[in-house]
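Heads up: the structure comes next, in structure tokens.
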Amino acid sequence: MLRVFSTILIIVILGLFSCENDDNLIFPKCPPYDIVPTSPYDDPIWHPNGQLIGFNHRPIKEIQYTNGYECPRQAIYIYKEDSVGFWLINSDGTGKRRALPFFLHNPDWSPDGNWIAFMNGAQIFKMPFDGANFDTTAIEQLTFEGRNFFPAWSPDGEFIAYDNTNCGSASTPIPPNSCGVLIMGADGSNKRFVGKGRVPYWRDDSNYLFTYGTRYNIHQATSEIFFDPKENNISFYPRVRFNPQGTKIAFIGNYTNTSTQFAKLFTITPDGSDLKTVSNNNIMNFSWAPDGRIVYLNFDYMRIDNEKGTLWIMDANGKNQFQLTRNNFIMSY
């Protein structure tokens with residue numbers, strides 16, 4: 001409890017700002033500071049068998065609306081810290097259970113579903129999975145230097161791509177073969193630098209690696225920009241993935257030429273054309289199912305309730321949305 005209130009105090013102090021900000025225009029009677037809530041659900045990742053979805057979960061216990069329900073950014077959010085971990089749920093919403101007592105940051109299943117790669121402490125690890133349980137005694141650390149994030153298995157399962165943010169400083173030069181995207185064998189061997197960028201992702205061909213709007217040929221060491229975010233007035237968030245058919249790239253971002261800054265899910269074709277907004281919901285994370293559906297986090301940092309801060313499923317075109325998980329908490333005033 002002391003840690004929760006210490007964190008809140010820090011956020012409150014850092015969040016002090018002028019009453020002319022957007023939040024006070026929306027909630028004019030609220031105090032001029034923010035306590036930004038943490039989503040109870042995050043990092044959904046659909047298993048290759050199509051039946052399971054994994055996700056990080058910090059169940060919320062109570063929301064104290066000390067300034068009234070109309071002030072969600074000034075409420076106090078209390079979580080069930082003894083239930084934090086990586087959870088699994090069947091894709092029909094049944095069988096929700098905690099599988100691990102800790103988070104798996106940036107999780108990614110191997111193509112055969114027998115391993116899950118993840119980030120912890122700015123290093124990349126992998127852990128076996130037998131279809132029902134994880135073997136925590138067989139966790140393997142794959143990187144040992146730099147600051148590494150967003151592991152991504154190649155479609156053939158031979159490689160894991162990741163990004164390294166060890167980019168030097170004003171007084172320290174960038175280390176060689178760093179500050180960008182790298183690939184390694186699935187066992188952590190033969191690490192090599194691919195190029196600049198962050199958040200790597202693959203198509204259905206393991207010869208090409210992508211990062212945001214750039215395509216890399218990993219064998220010929222060539223690259224090509226196929227989508228320019230600036231030209232399209234788009235700001236990328238760190239989540240980009242091809243659909244299983246390799247016909248669409250989905251990514252989270254927002255338009256930079258509008259006043260609305262909430263993240264949405266977009267799709268483009270592999271040549272960078274046909275930019276579309278999939279849904280008007282505020283989406284902070286997502287994953288493709290093998291059949292082309294999408295599981296996503298419906299959240300906008302404004303409020304946690306029975307719908308916001310939960311996982312939903314929809315078709316690739318944004319239709320047939322249904323709620324997969326729910327929050328169960330006490331509200332006090």
Side-chain angles (χ1 to χ4, degrees), residues 37-63 72 77 79-80 83-109 113 116 118 129 131-134 237-245 248 250-252 262-267 277-331:
T38 298
S39 174
Y41 295 88
D42 201 6
D43 281 327
I45 187 74
W46 213 307
H47 191 272
N49 68 10
Q51 305 302 312
L52 281 176
I53 297 170
F55 54 91
N56 289 320
H57 187 29
R58 174 177 276 117
I60 190 159
K61 179 180 180 180
E62 182 179 358
I63 302 177
Y77 300 86
Y79 299 83
K80 299 178 182 178
S83 300
V84 167
F86 189 77
W87 291 55
L88 297 171
I89 191 171
N90 298 327
S91 58
D92 62 1
T94 62
K96 180 182 173 184
R97 62 197 185 277
R98 187 169 75 152
L100 296 166
F102 50 85
F103 284 164
L104 299 182
H105 299 286
N106 313 147
D108 194 53
W109 299 106
I116 192 166
F118 60 97
F129 180 69
N133 300 293
F134 294 98
Y237 285 42
R239 184 61 68 198
V240 190
R241 291 188 174 105
F242 265 101
N243 66 347
Q245 297 74 30
K248 291 182 180 180
F251 65 92
I252 295 172
F262 290 140
K264 299 183 183 299
L265 186 65
F266 298 88
T267 60
T277 302
V278 177
S279 172
N280 287 323
N281 290 326
N282 303 128
I283 296 177
M284 298 304 300
N285 216 322
F286 78 99
S287 175
W288 290 98
D291 64 7
R293 289 180 295 163
I294 296 171
V295 58
Y296 63 95
L297 170 61
N298 182 1
F299 191 52
D300 58 13
Y301 295 112
M302 293 298 293
R303 183 190 294 278
I304 294 172
D305 56 25
N306 292 326
E307 294 185 359
K308 292 294 185 180
T310 61
L311 300 181
W312 291 62
I313 290 177
M314 64 182 171
D315 294 341
N317 59 6
K319 296 182 179 180
N320 296 320
Q321 299 176 2
F322 75 90
Q323 190 170 353
L324 181 68
T325 65
R326 285 169 171 78
N327 294 314
N328 183 18
F329 56 87
I330 299 171
M331 289 192 298

Inset, instruction - Would you name the heavy atoms of L52 and R97 that are closest together and state the gap between them? - result: CD2-NH2, 3.9 Å
Inset, instruction - Please round to the nearest 0.5 Å and tell me the distance separating atom CG of N282 and atom NZ of K264. - result: 5.0 Å
Inset, instruction - Determine the minimum heavy-atom distance between L265 and A250, stating which atoms define it. - result: CD1-CB, 4.2 Å
Legend entry - Minimum-distance pair of heavy atoms, taken over all atoms of F299 and P37: CZ-O, 3.8 Å
Legend entry - Sidechain-backbone polar pair: D291 side chain, R293 backbone, donor-acceptor under 3.5 Å: yes
Legend entry - Gap separating the CE atom of M331 from the CD atom of E62, nearest 0.5 angstrom: 10.5 Å
Inset, instruction - Can you see which heavy atom on P290 is nearest to which on P48, and at what distance? - result: CG-O, 3.3 Å
Legend entry - N298 CG to N285 CG distance, which is reported to the nearest 0.5 Å: 12.5 Å
Inset, instruction - Report yes if the side chains of P44 and W312 come closer than 4.5 Å at any heavy-atom pair, otherwise no. - result: no
Legend entry - Main-chain N/O of I283 paired to N281 side chain as donor or acceptor, under 3.5 Å: no
Legend entry - F86 backbone acceptor or donor facing H57 side chain under 3.5 Å: no
Inset, instruction - Mark yes or no for whether Y79, through its side chain, and T38, through its backbone, hold a donor-acceptor pair below 3.5 Å. - result: yes
Inset, instruction - For S91 and G50, work out which heavy atoms get closest and say how close. - result: OG-O, 3.5 Å
Legend entry - Backbone N/O of V84 and side chain of R98: donor-acceptor pair under 3.5 Å: yes
Inset, instruction - Say whether, by atom type as modelled, one donor and one acceptor occur between the side chain of D315 and the main chain of N317 under 3.5 angstrom. - result: no
Inset, instruction - Without swapping roles, check the side chain of Q323 against the backbone of N306 for a donor-acceptor pair under 3.5 Å. - result: yes
Inset, instruction - From the options I252, V295, I45, select the one residue that forms a side-chain contact (heavy atoms from CB on, under 4.5 Å) with F286. - result: I252
Legend entry - Validation row: S279, Q321 side chains within 4.5 angstrom (heavy atoms): yes
Inset, instruction - Would you indicate whether the side-chain heavy atoms of I60 and K80 approach each other to under 4.5 Å? - result: no
Inset, instruction - Rounded to the nearest 0.5 Å, what's the gap from CD1 on I53 to NZ on K96? Could you check? - result: 12.5 Å
Legend entry - Test item: Y41 side-chain N/O and R326 main-chain N/O as donor-acceptor pair under 3.5 Å: yes
Inset, instruction - Would you check if the side chain of W288 reaches a backbone N or O of R241 as a donor-acceptor pair within less than 3.5 Å? - result: yes
Inset, instruction - Answer yes or no: are there more than 12 heavy-atom neighbours, outside D92 itself, under 6.0 Å from its atom CG? - result: yes
Legend entry - Point-to-point distance, once rounded to the nearest 0.5 Å, from NZ of K308 to CG of L297: 9.5 Å
Legend entry - Heavy-atom pair with the smallest gap, counting every atom of I304 and P40: CD1-CD, 3.9 Å
Inset, instruction - Give the C-alpha distance, both sets of side-chain angles, the deciding distance and a yes or no for side-chain contact (heavy atoms from CB on, under 4.5 Å) between W46 and I313. - result: CA-CA 11 Å; W46 213 307; I313 290 177; 3.7 Å; yes
Inset, instruction - Please examine the side chains of D43 and F55, heavy atoms only from C-beta on, and report whether any two atoms are closer than 4.5 Å. - result: no
Legend entry - Short side-chain to backbone donor-acceptor contact, N327 and D305, under 3.5 Å: yes
Legend entry - Spacing of CD1 belonging to I116 relative to CZ belonging to F129, to within rounding of 0.5 Å: 8.0 Å
